[in-house]
Amino acid sequence: MPVTTSTSLDVRCVNVVRGLAIDAVQKANSGHPGLPLGAAPMAHVLWTRHLRHNPRNPKWVNRDRFILSAGHGSMLLYALLHLTGYDLSMEEIKNFRQFGSKTPGHPENVLTPGVEMATGPLGQGFATAVGMAIAQANLGERFNRPGLPIFDHYTYVLCSDGDLMEGICQEAASLAGHLGLGKLIALYDDNGITIDGSTSLAFTEDTQAKFEALGWHTIRIDGMDMEAVDRALSDAKAVEDRPSLILARTVIGFGSPNKAGSEKSHGSPLGEEEVRLTKQALDLPDTPFYVEQEVVDFYRRAVAVGEVLEAAWEKSVRDLADPDLDRLLGELPEGWAAKLPTFTEPVSTRVASGKALQVAAAVHTGLMGGSADLSENVFTVIRDCPVFQSSSPEGRTLMFGVREHAMMAAANGLTLHGATRGYGGTFLIFSDYCRPSIRLASLMECPTIFVFSHDSIGLGEDGPTHQPIEQIMSLRAIPGLNVMRPADGNEVSACWMLALEHHDGPSLIVTSRQNLPIITSADIPNHPARSGAYVLADSPLPQICLVATGSEVSLALAAKDLLTEQGMAARVVSMPSWFLFERQTADYRAGVLNPEMPTVSVEAGVTLGWSRYAQAHVGIDHFGASAPGPVVMKEFGFTPENVANVAKGLLGRA
């Protein structure tokens, strides 16, 4: 295949990036060489002519964001991070895909400086970038002044054929087009190849026409032509009222004499001989991990330029002298939790959550989010504030439409952006639609707040299609995810407090449709929910423990009364969060759930997993039924009498 032999510095830079990528993949004997070989020219142009960033401060809030949505091509990103001066050594490049390295097989933001998010599950990067672009539009509208561009950065995405096949991308692209996110630019690595072969096997739609119909500005170019890429990026930046998709035709595995343009270069090392031939075609010496000094010097200009850009931005912030901005970039004010609402009358925990949200949004003015077409069901609207639209980008409530998956990815983008904190809400049953975004939030240690209502068979007449059974337990299985199911309105406020205070991972608040009595403390800042589980009601010398969550805590209290009447002393434990409870000391845990005390779990969900804490269970291990909520609860055993009977059986007193 014809390959340019130009000795221009740009071409040499591109080929050094390619060489690093194929060498790292070959040394690891694992990885994806095809994308870096094909996409290197457009990535090079973006990083050297357009991307505003500071390698010495990867968290500079006004940096341009670069998302490698096609995360399998991670060596392209690692090569650029290393060459431009991020804290990523050549030793890390050589340890690609090895245990303990900063260069894992797919990018991870918690491991590698300069990586904005964990990508790999296709479509996640594209959809999360939409949230980042929403954050920029909102902050820019609120804080930019003539001559003081505080938030004027772009969000760039490099996506693949596979990304655009995923349903989440359809949701996210539709939302981005509707919102007119002009500073969102996607580079589509249109190489026509997937793992199975040509995209013509399964992907023959007119992508350009589709995105235009979704409200995007589109440009089709030869992605191997650096000047065409440069012009396209400039043209895209000039379009301020729409996101842009640059459809860049590229050659996967470019330079490989026997594998270029083929699926054979996608996900396997080229092989030692093919690496040698590819380097020969790219006019590279047959030296592993070759980097020439002139190339390094060219890329490292990003350090000096980035420091100048950030210094100018810091001056703009000082000149703006806006205390609201200082507050946004700082910590939560001391004593804020005392402002959260308290309750004395029965209230559904979803309504209580909506009331807590108002206080949280007033305290954290970067809090942004909404629901998937369920604003009046999950209570996610921030009152006294416009809805975010292209005509009102200062708004902080988002109407995501019926797009659960993209909603949660965008909420992650809002959170990862910084200065903003994202939340999203829908019915608990639909957590299945957005689970990949929730899981990724946890992997990224991204403190997004997920809000779910209609948490059990207690929702009633909508029936088993809408009644969650296994969802809570399956969400608890995600490492690092703080799933909280509050027992009443006061515990809800405590859960919102805990969510906003938690910065190392996501929080998930599960709420009821039905009203629940007020049974827990009104001292929100010191609420015992902080410990994840606590003794809510006790007896002298208790014989049995009833541990419950959510709407079933009041049920456990009623069962305790029945047991007391029958001469059996019981303890009731409210356990809103397994996650937090497991982080307490062993002594504290044993003091709440005494391993020597017979224990019954009470939760309107599957009993799987409760054996960790209990020997008998009141739960539901089958689908629900359509009927009024109280009827369904009674028919499936969620009554004080049945809970008391299960407890007596465990005590041998049945």
Side-chain angles (χ1 to χ4, degrees), residues 3 11-41 43-44 47 55 68 70-115 118-120 158 160 189 191 193 195 251-296 299-300:
V3 177
V11 171
R12 282 154 50 209
C13 286
V14 168
N15 288 340
V16 163
V17 169
R18 287 166 163 157
L20 288 176
I22 60 177
D23 280 340
V25 171
Q26 189 61 42
K27 183 174 185 292
N29 196 29
S30 173
H32 299 75
L35 183 145
L37 286 169
H44 167 79
W47 278 65
L68 182 66
H72 54 276
S74 57
M75 261 315 304
L76 173 65
L77 177 55
Y78 298 149
L80 290 166
L81 290 171
H82 167 72
L83 291 168
T84 54
Y86 285 82
D87 183 18
L88 193 68
S89 68
M90 179 61 79
E91 193 63 28
E92 295 291 352
I93 299 295
K94 293 178 180 179
N95 285 327
F96 178 57
R97 286 184 167 233
Q98 303 309 300
F99 186 81
S101 78
K102 294 181 181 178
T103 49
H106 293 81
E108 296 180 44
N109 57 303
V110 297
L111 291 180
T112 314
V115 171
T119 55
L158 198 160
S160 63
D189 180 30
N191 61 38
I193 294 293
I195 294 173
V251 179
I252 190 172
F254 181 84
S256 170
N258 299 300
K259 296 185 179 181
S262 162
E263 67 274 13
K264 294 178 181 178
S265 69
H266 169 78
S268 300
L270 296 178
E272 291 184 6
E273 177 62 14
E274 193 69 12
V275 166
R276 186 187 69 78
L277 293 173
T278 302
K279 287 185 175 182
Q280 187 178 75
L282 296 173
D283 199 22
L284 287 169
D286 190 16
T287 303
F289 301 99
Y290 170 78
V291 177
E292 59 182 281
Q293 190 59 47
E294 191 175 6
V295 167
V296 174
Y299 276 120
R300 290 286 162 89

Inset, instruction - Kindly compute the distance separating CG (Leu277) from CD (Glu272), expressed to the nearest 0.5 Å. - result: 12.0 Å
Legend entry - Carboxylate-amine/guanidinium proximity below 4.0 Å for Glu273 and Arg276: yes
Inset, instruction - State whether the side chain of Thr84 and the backbone N or O of Tyr299 hold a donor-acceptor pair below 3.5 Å, judged by distance alone. - result: no
Inset, instruction - Look at the aromatic rings of His72 and His266 and report parallel, tilted or perpendicular, splitting at 30° and 60°. - result: tilted
Legend entry - Taking every non-hydrogen atom, the tightest pair across Gly114 and Leu81: CA-CD2, 3.8 Å
Legend entry - N/O donor-acceptor pair under 3.5 Å between Arg97 side chain and Thr103 backbone: no
Legend entry - Charged N-O contact under 4.0 Å between Glu292 and Arg12: yes
Legend entry - Test item: Leu282 and Phe254 side chains (from C-beta on) under 4.5 Å apart, heavy atoms: yes
Inset, instruction - Determine whether Ser101 and Glu92 make a side-chain contact, defined as any pair of heavy atoms from C-beta on separated by less than 4.5 Å. - result: yes
Inset, instruction - Search all heavy atoms of Ala40 against all heavy atoms of Leu76 and return the closest pair with its distance. - result: CA-CD1, 3.9 Å
Inset, instruction - Without swapping roles, check the side chain of Gln280 against the backbone of Thr278 for a donor-acceptor pair under 3.5 Å. - result: no
Legend entry - Whether over 12 other heavy atoms sit under 6.0 Å from Lys264 NZ: no
Inset, instruction - Please name the pair of heavy atoms, one in Trp47 and one in Leu77, separated by the smallest distance, quoted to 0.1 Å. - result: CZ2-CD1, 3.7 Å
Legend entry - Donor-acceptor pair, side chain of Ser160 and main chain of Ala70, under 3.5 angstrom: no
Inset, instruction - Using a 4.5 Å cut-off on heavy atoms from C-beta on, say whether the side chain of Met90 contacts that of Val291. - result: yes
Inset, instruction - Mind listing the closest non-hydrogen atom pair of Pro269 and Gln26 along with its distance? - result: CB-OE1, 3.5 Å
Legend entry - Gln293, CD atom: more than 12 neighbouring heavy atoms under 6.0 Å: yes
Inset, instruction - Report yes or no: does Tyr78 contribute a side-chain atom to a donor-acceptor pair with the main-chain N or O of Lys102 at less than 3.5 Å? - result: no
Inset, instruction - Using atom types as modelled and distance alone, determine if a side-chain donor or acceptor of Ser256 lies under 3.5 Å from a backbone N or O of Gly253. - result: no
Inset, instruction - Answer whether the closest heavy-atom distance between the side chains of Ile22 and Lys279 falls below 4.5 Å. - result: yes
Legend entry - Residue pair Ile93 / Leu88, side-chain heavy-atom distance below 4.5 Å: yes
Inset, instruction - State, with a plain yes or no, whether a side-chain heavy atom of Leu83 is found less than 4.5 Å away from one of Val296. - result: yes
Legend entry - Close side-chain approach of Phe289 and Lys27, heavy atoms under 4.5 Å: yes
Inset, instruction - Would you please say whether a donor-acceptor pair under 3.5 Å links the side chains of Asn15 and Arg18? - result: yes
Inset, instruction - Evaluate the side-chain proximity of Asp283 to Val11: yes if any heavy-atom separation is below 4.5 Å, no if none is. - result: no
